[in-house]
Amino acid sequence: MNKKELSERDICTKYITPAIEKAGWDIQTQVREEVTFTAGRIIVRGKLHARGKKRRADYILYHQKNQPIAVIEAKDNKHSMGSGMQQALSYAEALDIPFVFSSNGDGFKFYDRTGNADQTQTELSLNEFPSPGELWSRYCQAKELDEPAQKTVNYPYFDDGSGRTPRYYQANAINRTIEAIAKGQNRVLLVMATGTGKTYTAFQIIWRLWKSEKKKRILFLADRNILVDQTKSNDFKPFGPAMTKIEKRQVNKAFEIYLSLYQAVSGNEEEKNIYKQFDPDFFDLIVIDECHRGSAREDSAWREILEYFSSATHVGLTATPKETKEVSNIHYFGEPVYTYSLKQGIEDGFLAPYKVIRFDFDIDLEGWRPQKGQIDKYGNLIEDRIFNQRDMDRNIVFDERTQLVALKVTEYLQKTDEFQKTIVFCDDIDHAERMREALVNLNPDRVKENRKYVMRITGDNEEGKDELDNFIDPESTYPVITTTSKLMTTGVDAKTCKLIVLDQSIQSMTEFKQIIGRGTRIDEDHGKHWFTIMDFKKATERFADKDFDGEPVQIFKPKPGEPIIPPEDEPENPEGEGGGGGIEEDPPIITDPPSEITPEPEPEPIPPGGSDEGDPEPPPEPPRIKYHVKGQAFKVTKYRVQHLDASGKLVTESMHDYTKQCVVKQYASMDDFLRKWSAADKKKAIIDELTELGVFWQELQDNVGEKLGTELDPFDLICHIAFDRPALTRRERANNVKKRNYFSQYEGVARQVLETLLDKYADVGIEPVEDMTILTDQAFSQIGAPIELVRAFGGKSQYQKAFKELEEQLYYLDR
């Protein structure tokens, strides 16, 4: 067969794979073909979702497992040798691969991304493909890896034989961190979006450094007890007896891997700083989870621990690095060695996309001013000023507003799924309790079935905190709705959370990112592919902020003598050792008349050394009055639904407009669409292609077909929506073919088959009819067996030719 007639797969089999093998690559262990490395973006429209196209490389070559070193893009011989180079380069950028090849079977175009080659791109014959040793030598030279560093870098990943391997971005993060530490870098920052597996990534980093003996004693620090326990029993389990958790302020120096809350090893008094029982050089490596966290007091505790063990390598993990005028992760750790953003995670299909439902209330937007001398329901004289949206629920409470928010949440759940896990973020504990009560009263049937249908989970409420594990557990139905303030912003791995309600004035971008992160995990086993954000306080305007999902930019500039990690400007809620809960950082609130001032009870403070020991908290802030107004009507003045477009921006757009935009981008004109539709061997290919771009046929059918009073062919849906053509029904198209007397060229069984195919098309559409298995349908059994029906045309190829002509008649357009 002529080389030009070979398929791309044939080119791979006959030319490319033999050239790789001849160069010394082990086909079984070092070469993988058709490697899919993304899951395909989840596209959401209305209540429907679909997976977009996955990214797939023709070949990836590995120095060793999970260490990719080269990518090859193959084309058939009708293409030039370098026609796949740009595609291969885009894969190489994502996969962090230095060496890139493109081939059509005649030879290779070779692109060296390291910047160390005399020529960036060269041409190689099939016999000149480089060996594994040659590429590895080039790699080490470019990365400046000496022999001791190579020993560390070459240590393999942990493999339990289950087949689990890191996702491509996890491998990128692990490999970059290992290489940086192998070369002597002692401060490393990894930025990975919530839900992308930071703990598993940390485990593989520690495992390889520990097993290669680069680091012998390791401390993993976290700030929440539940995170430490989950880490110990899940991702870190392979460390076995070499691992311990520091608890009850006890130190045992016989282990090699230590897990701890930082509160468990630090305290205000010198004797309570139990980390000092370790020598300053005891640990070789400290991994700090959620390294962005901490209030001013906590920062001091972090800083003391890290400065004490300053000779160790410090690796910081976070989804939200803090870069403000007062605090900088980058100043301490340096620029991130790797960043995997929420936007990229959604684009790859590893994180759940979201849609936003935003409500604006009249008084929130217009403001509210009390009448002269007006008092609240507790007798407090209300300050004479305009109260705006930021005051709502923090400085002034309107029962009717709380009821309206709860009503909109309830209506949404009742229309979609009353048992979808929901987190309602409120401004403080008092607000969370009022919201819980309102939701309970609006859902009497559900609460009657189980009183835990709605629960408040805040730092002051032990019963609520006890239900946190049940809320997180995908197998546990209850609680369904939780109201909270600060406690559930981080460290809550709620994979099945489908609804996040924002009735909180969020002033911190870090906090906003963390809250959004509660919904970004995908759980396909439980039907979680995307989530909804209901916004009542304009919080989602932060999506438009350039800092929301961009690279962290350092703006902190320390002055001489300032600490490396200065105090932060945002209160956080730490969790004490063994406490399982957190502190809600709200100052006392006065809601009763001045003559009977009774501050709202606050949770018992958790001392920095743990929940059961340590010094008392600093004096609380002065009480603030929260006015409580009853009888003020609220109404929705604006309502909109937004979804993520292909570029990751929130847009308000109908399915009709979105489809038109997709089609126009895909096809330059109606003639272009008609040409490609006619040329397609099966129309299903075009239909599937548009589905991957987010065109939901059923929803279009429901919207457009319902207006026209009939069900339309995908062809007519596209022509009508994108190109403003009148839509014909399938029955009308079938009748038009009959009017043209097309069947006169056929007779007997062949004609009967074509006429039956046309009737089936009118009933069920094009996709079932273009599949030859349609001939087994009962409608054809009265004519004959499938093999007899095909034989009536003279064979399979003649049947297919006749069917192609039938399609041309079906989709003929009068211009």
Side-chain angles (χ1 to χ4, degrees), residues 41-42 44 49 191-198 224 227 290 292-293 317-323 339-359 409 412 420-427 457 471-472 481-523 528-552 570 572-573 640-645 647-651:
R41 179 191 182 97
I42 296 175
V44 180
H49 75 275
V191 178
M192 297 172 66
T194 300
T196 55
K198 289 191 295 294
R224 292 217 169 173
L227 296 180
E290 304 290 1
H292 67 279
R293 290 290 310 276
L317 306 173
T318 182
T320 53
K322 281 199 171 177
E323 300 302 325
T339 297
Y340 190 71
S341 66
L342 171 64
K343 180 179 180 181
Q344 190 60 54
I346 292 173
E347 180 64 32
D348 288 342
F350 294 123
L351 294 179
Y354 47 85
K355 71 175 181 179
V356 173
I357 302 175
R358 181 169 150 183
F359 293 90
V409 172
Y412 176 81
Q420 59 189 295
K421 298 280 185 165
T422 300
I423 307 176
V424 184
F425 286 95
C426 303
D427 269 304
I457 301 181
F471 180 78
I472 292 171
I481 306 173
T482 62
T483 66
T484 190
S485 172
K486 298 284 186 182
L487 182 60
M488 297 177 73
T489 56
T490 63
V492 178
D493 186 8
K495 289 184 179 180
T496 55
C497 178
K498 291 184 178 181
L499 178 61
I500 290 177
V501 179
L502 303 178
D503 196 25
Q504 182 182 102
S505 296
I506 302 172
Q507 305 306 315
S508 155
M509 178 62 80
T510 300
E511 186 176 13
F512 178 68
K513 289 181 180 180
Q514 289 288 341
I515 287 173
I516 298 307
R518 298 314 100 209
T520 55
R521 288 170 174 83
I522 294 171
D523 191 335
K528 163 72 182 297
H529 301 93
W530 52 279
F531 68 106
T532 301
I533 302 166
M534 293 186 76
D535 180 16
F536 293 92
K537 288 191 176 173
K538 292 186 178 179
T540 52
E541 288 183 351
R542 288 186 174 271
F543 282 127
D545 192 314
K546 60 182 175 58
D547 294 331
F548 172 67
D549 203 41
E551 293 289 332
E570 297 168 16
E572 302 277 4
N573 55 309
R640 76 198 76 167
V641 179
Q642 299 173 298
H643 63 261
L644 286 175
D645 67 7
S647 65
K649 293 182 179 179
L650 275 172
V651 295

Asks: Return the minimal non-hydrogen interatomic distance between Ile522 and Leu351, and the atom names on each side.
Replies: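 What the structure gives for the nearest pair is CD1-C, 3.5 Å.
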Asks: Could you tell me which residues satisfy side-chain hydrogen bond (donor to acceptor under 3.5 Å, both in side chains) with Lys537, sequence neighbours excluded, listed by chain and number?
Replies: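 Partners of Lys537 under the side-chain hydrogen bond (donor to acceptor under 3.5 Å, both in side chains) test: Asp393, Asp427.
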Asks: Please report the interatomic distance CD1(Ile533) to CG(Leu499), rounded to the nearest 0.5 Å.
Replies: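 CG of Leu499 is found 9.5 Å from CD1 of Ile533.
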Asks: Can you name the residues that form a ring-ring contact (aromatic ring centres under 6.0 Å, His included) with Tyr412, not counting sequence neighbours?
Replies: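 For Tyr412, no residue satisfies ring-ring contact (aromatic ring centres under 6.0 Å, His included) once neighbours in sequence are set aside.
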Asks: With a 4.5 Å limit on heavy-atom distance, are the side chains of Val409 and Phe536 in contact?
Replies: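 With C-beta onward as the side chain, the pair touches.
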Asks: Please give me the minimum heavy-atom distance between Phe471 and Lys421, naming the atom from each residue.
Replies: O-NZ, 3.4 Å
Asks: Just to verify, which of Ile346, Ile500, Leu342 counts as forming a side-chain contact (heavy atoms from CB on, under 4.5 Å) with Thr520?
Replies: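 With Thr520 as partner, Ile346, Ile500, Leu342 yield a single side-chain contact (heavy atoms from CB on, under 4.5 Å), made by Leu342.
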Asks: Counting C-beta onward and ignoring hydrogens, is there a side-chain heavy-atom pair between Arg518 and Thr194 closer than 4.5 Å?
Replies: yes
Asks: Could you pull out all residues at least two apart from Phe350 that satisfy ring-ring contact (aromatic ring centres under 6.0 Å, His included)?
Replies: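 Checked Phe350 against ring-ring contact (aromatic ring centres under 6.0 Å, His included); matches are Tyr169.
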Asks: Does a side-chain heavy-atom distance below 4.5 Å link Ile516 with Phe531?
Replies: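 Side chain of Ile516 against side chain of Phe531, heavy atoms only: contact under 4.5 Å found.
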Asks: How long is the straight-line distance from OG of Ser505 back to CG of Leu502, given to the nearest 0.5 Å?
Replies: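 The CG atom of Leu502 sits 10.5 Å away from the OG atom of Ser505.
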Asks: Counting N and O atoms only, with roles assigned by atom type, does the side chain of Lys513 sit under 3.5 Å from a partner on the main chain of Ala319, one being a donor and the other an acceptor?
Replies: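 Side chain of Lys513 to backbone of Ala319, a donor-acceptor pair under 3.5 Å: no, none is there.
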Asks: Any side-chain heavy atom of Val356 within less than 4.5 Å of one from Phe543?
Replies: yes
Asks: Nearest heavy-atom pair of Ile506 and Ala539: which atoms, and what distance?
Replies: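 Shortest heavy-atom contact: CD1-CB, 4.0 Å.
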Asks: Partners of Asp503 by side-chain hydrogen bond (donor to acceptor under 3.5 Å, both in side chains), sequence neighbours excluded?
Replies: Arg401, His431
Asks: I need the Gln420 CD to Thr532 OG1 distance, nearest 0.5 Å.
Replies: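 The OG1 atom of Thr532 is 6.5 Å from CD of Gln420, to the nearest 0.5 Å.
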Asks: Between Thr483 and Val424 (side chain of the first, backbone of the second, donor and acceptor by atom type, cut-off under 3.5 Å), is there such a pair?
Replies: no
Asks: If I compare all heavy atoms of Ser341 with all of Ala193, which pair ends up nearest, and what's the gap?
Replies: C-CB, 3.7 Å
Asks: Please name all residues satisfying side-chain hydrogen bond (donor to acceptor under 3.5 Å, both in side chains) with Thr496, sequence neighbours left out, ordered by chain then number.
Replies: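 By the side-chain hydrogen bond (donor to acceptor under 3.5 Å, both in side chains) rule, Thr496 matches no residue at all.
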Asks: Under a 3.5 Å distance rule, please check whether Asp535 uses its side chain to pair with a backbone N or O of Thr540 as donor and acceptor.
Replies: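 Yes; at least one donor-acceptor contact below 3.5 Å.
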Asks: Using modelled atom types and a 3.5 Å cut-off, is there a donor and acceptor pairing between side-chain atoms of Thr482 and backbone atoms of Thr422?
Replies: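 A pair under 3.5 Å: yes.
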Asks: Locate the shortest heavy-atom distance separating Pro353 from His529; write the atom from each residue and the value.
Replies: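 Reported closest heavy-atom pair: CD-O, 3.4 Å.
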Asks: Could you tell me which residues satisfy side-chain hydrogen bond (donor to acceptor under 3.5 Å, both in side chains) with Arg542, sequence neighbours excluded, listed by chain and number?
Replies: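 Residues passing side-chain hydrogen bond (donor to acceptor under 3.5 Å, both in side chains) with Arg542: none at all.
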Asks: Kindly compute the distance separating CE (Met192) from OG1 (Thr318), expressed to the nearest 0.5 Å.
Replies: 11.5 Å
Asks: At their closest point, which heavy atom of Gly519 faces which heavy atom of Ala352, and how far apart are they?
Replies: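 The answer is O-CB, 3.9 Å.
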Asks: Taking atom CZ of Arg521 and atom SG of Cys497, what is their separation to the nearest 0.5 Å?
Replies: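 Reported to 0.5 Å precision, the distance equals 10.5 Å.
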